[in-house]
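For reference, the structure discussed in these notes is given below.
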Number of protein chains: 2
Amino acid sequence: MAGIKDVARQAGVSVGTVSNVINRPDLVSEQTRARVQAVIERLGYVRSESARQLRAGRSRIVALLVLDMGNPFFVDVARGAERAARQAGLGVMVCNSARSPSEEADYISLFAEQRVRGVLLTPADPTGRTLDALRRNGTPFVLVDRVAAGPAECSVSVDDVNGGMLAAGHLIARGHRSIAFIGGPPELIQVRDRGAGARAALAEAGLPPESLLEISADGMDVAAGRDAGARLLGLAPRPTAVFCANDLLALGVLQAMYAARVGVPDELAIVGYDDIEFAAAAAVPLTSVRQPAAAMGRLAAELLMEETSGADVGHRHRQVVLQPELVVRSSSLAAWPADR
Amino acid sequence: MAGIKDVARQAGVSVGTVSNVINRPDLVSEQTRARVQAVIERLGYVRSESARQLRAGRSRIVALLVLDMGNPFFVDVARGAERAARQAGLGVMVCNSARSPSEEADYISLFAEQRVRGVLLTPADPTGRTLDALRRNGTPFVLVDRVAAGPAECSVSVDDVNGGMLAAGHLIARGHRSIAFIGGPPELIQVRDRGAGARAALAEAGLPPESLLEISADGMDVAAGRDAGARLLGLAPRPTAVFCANDLLALGVLQAMYAARVGVPDELAIVGYDDIEFAAAAAVPLTSVRQPAAAMGRLAAELLMEETSGADVGHRHRQVVLQPELVVRSSSLAAWPADR
DNA sequence: TCCGCCGAATGAGTCGTTTCAAGACCACCA
DNA sequence: TGGTGGTCTTGAAACGACTCATTCGGCGGA
């Protein structure tokens, strides 16, 4: 494979000049530039990124380490981050820790070897060892979908309490007075926050706390939702609406209702959370709370680039909190409450 | 950041010895090794991948360029490829061309700059310019989910004709004698092959060709499926079963049936294709034809590594064709045909 | 003719690692 | 004592591009 020296020799100039043709064309005379360009084309010369990096001391790559590549949410985060990085001439390397602390640690050391510009991540390791490793070797990072522990670190997250308020508020506005909240394992902060938001919405509307019936699912997947839906069906005065902490739970509930021939939304309104791609594809398109995933990715990348840009003036570590958005579809639009 | 020279100085040995401690520990005496290791730990030394690459002339990274990161199929391909590459000590860089030939071309030149070990890709550019670029600069590649044009190239693909046979054969075995096939735009080879498989299954069962009613959707998404489902509902003797070229189409049909209160599977059986993650999460869990996505990724990576391994002995370019698998769920299991 | 200036081109030095021929040291045997 | 073999260690030469102080050549003005 042709190197810069081959180009220089064939064009009859020095390597320095070839380098200038590529990186600072204004320093080179018109005709020299044309001649060198021609040789570059002819030889199919491609510069070696590793040599550039070695010289520059750091790479032009930002790492993005997500919890689950299969989750459309993170795919959107990746898209947002990629776009922002591209505009700044940086590449994004997307990696998947699959919620495994050991894979996460593997990737972190890979990143260190690669001398990446910085890391955007949602940590999988609850002990925080991952972040310590980054801090130790001085790799800049931005937390995604988590709030930073202290003011010396950047993070971008979403306001889950408000998300819960949006969902429950919508159901209340549609006339529902008895609402179930299907949450997953209560140790997940996100689930707790969404429930808290729902309670706040009830209180704000002047409804008694008993109007919200909390059902705890033993997971955050479709099967758990199906189980919870079955339990819901067994209740004597059945709630007229259900708010699920997650779209998968909502899809599970929908399955249970279909099997029991309970009409959605007329006999039971459903609101999910996350607005995953298939929320709109469900048998009854699902009303859901959308997280601004692409914006998170973009902001995270921008914070990182601000921190690592040459212009050292004034990067303040920030903890950005974004607001979710309610996407209304058929599953919460029963005809009757509007009629009353 | 500490370099190998700092380690050497502090440990009182030469850089060569430090390198040996890291890469060929058996050449170094026990006590020297321990001393050097201690210094490495203390200084937090991390070797620079770019310097290694520069020396080695090529990187330890395999690129995977997929059509659509949002598609669970490709996520599985990525997982398979990643696992195989990991075992061989290589990293995988997953990139998303989003079906755009220009983005694809951008990535190809990025890969060239990075001197990647090889590329696994599903080309987005129908003109084949992408592959020419790879051939020109001698980057080894393996086609994924496409059949190679000639015997001088590797590919891993899936037998779509057989997939169509499996789907239609299943419906025939369940007693259906009038089946609709909802295909997407006919210029897609995959769609044509799946339809051809379905026709072959009918012929094999001795049914007349009219038993298969072909409906062409103007897309491969849920909306197109909903439209096709509406058209299906308008038919006078309505088929008792439908085979969709894609799970998204099938979900769209399911939506249309739910809205029209046509029972699935009792009044209409549905079979999809791809077995995407949400096939099982649909209101009626969807029978579907699963593509061995992870196996494709693994095999593609293995073919590439065989080609690029130092052991030059006998890599024959191969075109591997894998077989799909039918996953039966509720959407095709009506009670009645079994009873007859 | 000499000086100074300017744009253009040069080429040596540098980045951090791996590799490899050569050297140092020791033990053993003849 | 000299030779031989073996184990460790060394130091210098790559790898390919970028940078920057230096040089070159030409030109105008004194």
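In this text the structure is predicted, and so the values were computed from the model without any measurement.
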Please state how far atom CG in B/D26 lies from atom C1' in D/dC8, giving the value in whole angstrom units. 12 Å

A/S14 has a side chain; which of C/dT10, C/dT18, C/dT19 sits nearest to it? C/dT10

Between the side-chain atoms of B/R52 and the base atoms of C/dT18, is any donor-acceptor pair under 3.5 Å? no

Answer yes or no for A/R86 and B/Y107: cation-pi contact, defined as NZ/CZ to six-membered ring centre under 6.0 Å and angle to ring axis within 45°. yes

Only one of B/D76, B/D145, B/D274 clears side chain to side chain donor-acceptor pair (under 3.5 Å) with B/Q291; which? B/D274

Atom NZ of A/K5 to atom C1' of D/dC18: distance rounded to whole Å? 13 Å

Which part of the nucleic acid, if any, lies within reach of B/T17 when heavy atoms closer than 4.0 Å are counted: base, sugar-phosphate only, or nothing? base

By nearest-nucleotide position on DNA chain C, the 5'-leaning member of A/G12 and B/R47 is A/G12

Spacing between A/R60 atom CZ and D/dC18 atom C1', to the nearest angstrom: 13 Å

Give A/R33 one of three labels, base, sugar-phosphate or nothing, depending on what nucleic acid heavy atoms sit under 4.0 Å from its own. nothing

Distance test, side-chain N/O of A/Y45 to OP1/OP2 of D/dA17, below 4.0 Å: yes

Where each residue is assigned the nucleotide of DNA chain D containing its nearest heavy atom, which of B/A56 and A/I22 is assigned the position nearer the 5′ end? B/A56

Please report, rounded to the nearest Å, how far the C1' atom of D/dA17 is from the CG atom of A/D6. 13 Å

Mind checking if A/S19 touches a base, just sugar-phosphate, or nothing, with heavy atoms under 4.0 Å? base

Tell me which nucleotide among C/dT10, D/dA17, D/dT10 gets nearest to the side chain of B/R115. D/dA17

Protein-nucleotide distance (A/I40, atom CD1; D/dA17, atom P), rounded to Å: 10 Å

Side chains of A/L120 and A/V92, heavy atoms from C-beta outward: is any pair under 4.5 Å? no

Proximal nucleotide (of D/dC18, D/dG16, C/dT17) relative to the A/A51 side chain: D/dG16

B/L27 has an atom CG; how far is it from atom P of C/dT19, in whole Å? 11 Å

Between A/S29 and C/dA9, does any side-chain N or O lie under 4.0 Å from OP1 or OP2? yes

Base, sugar-phosphate, or nothing: which does B/V18 touch, judged by heavy atoms less than 4.0 Å apart? nothing

Tell me if a side-chain donor or acceptor on A/N96 pairs with a main-chain N or O of A/M69 at a distance below 3.5 Å. yes

Heavy atoms only: give me the nearest A/V39-A/A11 pair and the separation to one decimal. CG2-CB, 3.8 Å

Tell me which of B/V28 and B/L54 sits closer to the 5' end of DNA chain D, going by the nucleotide each one is nearest to. B/V28

Starting at CD of A/Q53 and ending at C1' of C/dT14, how long is that distance when rounded to a whole Å? 16 Å

Which part of the nucleic acid, if any, lies within reach of B/G57 when heavy atoms closer than 4.0 Å are counted: base, sugar-phosphate only, or nothing? nothing

Does a side-chain heavy-atom distance below 4.5 Å link B/F141 with B/L121? yes

DNA chain C: 5'-proximal contact among A/T32 and B/S48 (nearest heavy atom): A/T32

Return the value, rounded to whole Å, for the distance between atom CG of B/N20 and atom P of C/dG16. 20 Å

